[in-house]
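Lettering follows sequence order; numbering is per chain, from 1.
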There are 2 protein chains.
Amino acid sequence: MDEKNYLNQLIEAGEKEDELTPKQARILEAAIEIFAEKGYASTSTSEIAKKAGVAEGTIFRHFKTKKELLFSIVTPVITKFAVPFFATHFVNQVFNEKTPDYEQLLRKLIMNRFEFVKNNIPLLKILLQEMAFHTEIQQSYQEVFRREVFPKFDEAVKYYQENGKLIAYPSETIIRFTMTTIIGFLITRFIVMPDVNWNDEEEIDRTIHFLMYGLSTEKSES
Amino acid sequence: MDEKNYLNQLIEAGEKEDELTPKQARILEAAIEIFAEKGYASTSTSEIAKKAGVAEGTIFRHFKTKKELLFSIVTPVITKFAVPFFATHFVNQVFNEKTPDYEQLLRKLIMNRFEFVKNNIPLLKILLQEMAFHTEIQQSYQEVFRREVFPKFDEAVKYYQENGKLIAYPSETIIRFTMTTIIGFLITRFIVMPDVNWNDEEEIDRTIHFLMYGLSTEKSES
DNA sequence: ACTATAAATGAGTGATTACTCACTTTTAGT
DNA sequence: ACTAAAAGTGAGTAATCACTCATTTATAGT
């Protein structure tokens with residue numbers, strides 16, 4: 001039920017792009033590009049119209065306000081990024097296939113999100129930037145995280161802890177370490193330093209290994 | 001020489017606050033508060049003037065443009081945050097006192113930066129936000145990092161690697177893991193979830209332990 | 001082909017923007 | 001007390017802003 005529900009949301013969101021008028025699509029494309037580059041607040045609707053090759057009035061025919069244009073860009077990204085971060089798909093896979101350790105789960109998670117970020121850099125830049133100023137976006141993200149991501153993540157962490165594979169920290173702490181490490185890697189890779197020569201495969205391996213075993217060469221005493 | 005140089009810069013920056021006119025100080029205070037809350041681009045100079053209790057013209061007597069006002073807020077933060085992140089002070093301490101492991105260095109680093117972030121949240125919010133849109137800020141940060149932070153950090157990491165205490169990753173990778181973990185913790189603690197009940201001492205301990213030994217209960221095979 | 005509906009237009013609107021400048025007030029050296 | 005420089009003022013300015021609306025163009029069902 002719940003599974004079908006968010007799946008439908010994703011499909012809906014995907015199909016919405018086909019329902020768009022060609023001009024509407026061009027408005028969204030132009031807005032995404034400029035928002036990502038200069039930020040929402042310093043982008044004018046006239047500039048968007050110019051880049052999209054439409055009249056300024058056309059923007060307001062499809063989006064009541066400039067803010068609604070922003071939200072219609074950002075809202076789908078939240079579900080698309082957050083949900084598969086630890087979606088049912090993965091968790092089911094873990095429990096059904098009896099994936100033996102957190103490490104393999106991490107690999108799937110990182111590989112999957114790596115590709116997503118790679119293909120959605122401008123959208124994620126906008127989300128990252130504007131979340132700070134719009135409580136609506138914050139709330140939307142929080143809700144999605146609390147409802148879709150956290151419970152599954154929590155369940156998996158506790159499963160591995162019970163099997164003695166994971167350290168006995170509060171699962172919130174483990175989730176925090178896992179997420180900040182992965183997100184930190186992706187932000188460094190694609191936003192802070194996208195131009196240096198990355199050996200992606202190697203860095204992903206190291207990131208997973210770091211998450212599991214840390215930086216020390218000595219055994220942990222815990 | 002070099003040490004004295006950036007030390008002087010810090011002292012200079014500190015003294016500059018005393019050189020300020022009372023009204024100039026109130027302008028900066030007001031600007032910091034509003035920039036942090038709504039962002040640079042959606043803050044008007046008239047709003048700053050109103051909050052500071054000065055005429056709008058007074059702002060432009062002291063700061064040629066609105067952008068110069070932003071930079072005079074942000075630039076000192078860069079040096080103040082980045083430099084002690086791994087300043088000579090710490091490194092000297094390590095080598096002179098023969099601090100035996102990376103772990104103790106990490107503790108000093110985290111405790112130090114924890115207090116700094118705690119006391120400068122609005123300034124760091126502004127830096128974090130506006131860095132994305134102003135290449136001048138990015139360049140300034142990069143330069144400070146490459147000149148002041150990285151070489152010292154690099155030196156320390158290699159020292160511990162030679163002593164067999166740290167894993168044989170490229171030191172860039174180790175620095176990246178260390179920084180994203182610490183910054184990720186501080187951002188979660190003070191910006192994303194400042195309102196939940198944090199047991200700071202415990203979380204700092206866990207963060208250090210995670211950095212050193214990871215999440216697994218099993219020994220690393222590397 | 002007719003027509004109703006939706007899509008698209010762009011000139012126009014009042015509000016707001018960063019910034020200027022002629023002027024007044026305060027400060028500080030003598 | 002005098003004065004020159006610095007600090008402070010606020011009305012004014014052109015440009016730009018998000019958004020409206022009367023009008024034209026395109027679409028689709030019959």
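- Looking at residues two or more places apart in sequence or on another chain, you find a salt bridge (charged side-chain N to carboxylate O under 4.0 Å, His left out) between A/K38 and A/E47.
- Take B/E172 and apply the salt bridge (charged side-chain N to carboxylate O under 4.0 Å, His left out) test, not counting sequence neighbours, and it matches no residue.
- Panel note: side chain B/T181, backbone B/F177; a donor-acceptor pair is recorded below 3.5 Å.
- Within the structure, the salt bridge (Lys or Arg N to Asp or Glu O under 4.0 Å) test picks out the following pairs touching residues 51-66 of chain A (sequence neighbours left out): A/E33-A/K51.
- Summarising the geometry, the separation between CZ on A/R26 and C1' on C/dA7 is reported as 15 Å, rounded to the nearest angstrom.
- End-to-end axis angle of the helix from C/dA1-D/dT30 to C/dT30-D/dA1, from C1' rotation axes over five pairs per end: 30° (rounded to 10 degrees).
- A/H62 has a side-chain polar atom (N or O) that falls below the 4.0 Å cut-off from OP1 or OP2 of C/dA8.
- A search for side-chain contact (heavy atoms from CB on, under 4.5 Å) contacts involving A/F133 returns A/E130, B/Q129, not counting sequence neighbours.
- Annotation: salt bridge (charged side-chain N to carboxylate O under 4.0 Å, His left out) contacts of B/E37 (sequence neighbours excluded): none.
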Under 3.5 Å, N/O pairs linking protein and nucleotides 3-5 of chain C:
none

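- Running 5' to 3' along DNA chain D, contacts with non-hydrogen atoms of chain A at under 4.0 Å begin and end at D/dC17 to D/dA22.
- With respect to B/E203 and B/R206, a salt bridge is recorded, a charged nitrogen being found less than 4.0 Å from a carboxylate O.
- Looking at which nucleotide of DNA chain D each of A/E47 and B/K23 is closest to, the 5′-most match is held by B/K23.
- Annotation: the span from A/I187 atom CD1 to A/L128 atom CG amounts to 5.0 Å, rounded to 0.5 Å.
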List, with names and distances, any nitrogen or oxygen atoms from the protein found under 3.5 Å away from nitrogen or oxygen atoms belonging to nucleotides 18-22 of chain C.
from, atom 1, to, atom 2, distance (Å)
C/dA18, OP1, B/T43, O, 3.1
C/dA18, OP1, B/K66, NZ, 3.0
C/dA18, OP2, B/T45, N, 2.8
C/dA18, OP2, B/T45, OG1, 3.0
C/dC19, OP2, B/K66, N, 2.7
C/dC19, N4, B/E56, OE2, 3.4

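- Under the rule for a side-chain contact (heavy atoms from CB on, under 4.5 Å), the partners of A/K118 that lie at least two apart in sequence or sit in another chain are A/F114, A/E115, A/F190.
- Taking the ring centroids of B/F210 and A/F210, they lie under the 6.0 Å cut-off.
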For residues 191-200 of chain A, run the donor-acceptor check on the side chains, cut-off 3.5 Å, and write out each pair with its distance to 0.1 Å, sequence neighbours left out.
from, atom 1, to, atom 2, distance (Å)
A/W198, NE1, A/M193, O, 2.8
A/N199, OD1, A/E202, N, 3.3
A/D200, OD1, A/R189, NE, 2.6
A/D200, OD2, A/R189, NH2, 3.3

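- With B/T65 contributing its side chain and B/E68 its backbone, the two residues share a donor-acceptor pair below 3.5 Å.
- Annotation: salt bridge (charged side-chain N to carboxylate O under 4.0 Å, His left out) contacts of B/E143 (sequence neighbours excluded): B/R147.
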